[in-house]
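Chain A is the first sequence line, chain B the second, and so forth, proteins listed ahead of strands; every chain is numbered from 1. This is a predicted model, so every value here is computed, not measured.
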Amino acid sequence: GIQVEQSPPDLILQEGANSTLRCNFSDSVNNLQWFHQNPWGQLINLFYIPSGTKQNGRLSATTVATERYSLLYISSSQTTDSGVYFCAVGGDMRFGAGTRLTVKP
Amino acid sequence: NAGVTQTPKFRVLKTGQSMTLLCAQDMNHEYMYWYRQDPGMGLRLIHYSVGEGTTAKGEVPDGYNVSRLKKQNFLLGLESAAPSQTSVYFCASTLAFTDTQYFGPGTRLTVL
């Protein structure tokens with residue numbers, strides 16, 4: 001199956017800082033999604049982005065399908081951005097291990 | 001509009017017992033999914049459905065069965081629970097494959 005690697009595994013920021021999370025995958029895909037899991041376990045689907053760039057408020061994502069990676073940008077981070085960010089790829093939704101983000105006030 | 005609900009929220013089983021987890025959505029979504037999440041890991045897809053009466057296997061289907069008799073409900077069954085099935089189970093639904101998935105709050109299952 002497709003291998004999915006996310007980096008960094010952990011990230012600690014001060015409120016207001018920007019960050020970039022990376023998702024590498026091992027094969028061509030027609031599906032790539034980003035998710036956020038808050039510290040209480042609730043999951044939110046952030047983006048469906050198999051290619052190109054999308055923006056939603058302070059979050060944006062870019063997928064370069066030909067080079068098999070996707071980036072999630074978080075600008076002006078807030079404490080509510082804390083949690084784990086996952087990418088998932090492929091028709092059977094293979095998830096990476098996630099990036100744990102902690103934003104300190 | 002309750003979104004996606006899961007029943008029960010918590011359950012403890014003994015090895016060999018059976019149970020059914022219920023996922024219900026009130027958004028008229030076609031696609032529904034069952035995932036499991038083990039500590040420190042991402043989600044893994046167990047089974048999914050692309051419409052009423054249809055089901056398909058995901059990455060880790062062994063030991064589970066599913067049914068989608070009504071569009072709004074997706075049931076996940078464990079016929080003979082094993083300790084390896086101790087996990088948090090999430091259900092999700094979406095209107096189409098390219099649309100946002102909406103998740104339930106999860107069911108924490110412990111098999112002793």
- Note on the structure: Cut-off 4.5 Å, heavy atoms of chain A, and the answer for B/F97 is both
- More than 12 foreign heavy atoms under 6.0 Å from NZ of A/K54: is that the case here? yes
- Correct closest heavy-atom pair for A/Q42 and B/F103 would be NE2-O, 3.6 Å
- Closest heavy-atom contact between B/Q101 and A/N45? N-OD1, 2.7 Å
- Message: Under 4.5 Å from any heavy atom of chain B, what part of A/F35 do you find: side chain, backbone, both or neither?
- Response: side chain
- Heavy-atom pair with the smallest gap, counting every atom of A/L43 and B/L43: CD1-CD2, 3.7 Å
- Message: If you define the side chain from C-beta out and look only at heavy atoms, does anything of A/F86 sit under 4.5 Å from B/Q37?
- Response: yes
- Message: How about CD on B/E79, more than 12 heavy atoms from neighbouring residues, nucleotides or ligands closer than 6.0 Å, or not?
- Response: no
- Task: Flag yes if more than 12 heavy atoms outside A/R68 fall under 6.0 Å of its CZ atom; otherwise flag no.
- Result: yes
- Query: Side chain, backbone, both or neither: which part of A/Y48 has a heavy atom under 4.5 Å from chain B?
  - Reply: side chain
- Message: Take a 6.0 Å sphere around CZ of A/R100 and say whether it holds more than 12 heavy atoms from other residues, nucleotides or ligands.
- Response: no
- Task: Output the option from B/G42, B/G40, B/G106, B/A92 having the highest count of non-hydrogen pairs under 4.5 Å with chain A.
- Result: B/G42
- Task: Name the region of A/Q33, side chain, backbone, both or neither, that has any atom closer than 4.5 Å to a heavy atom of chain B.
- Result: side chain
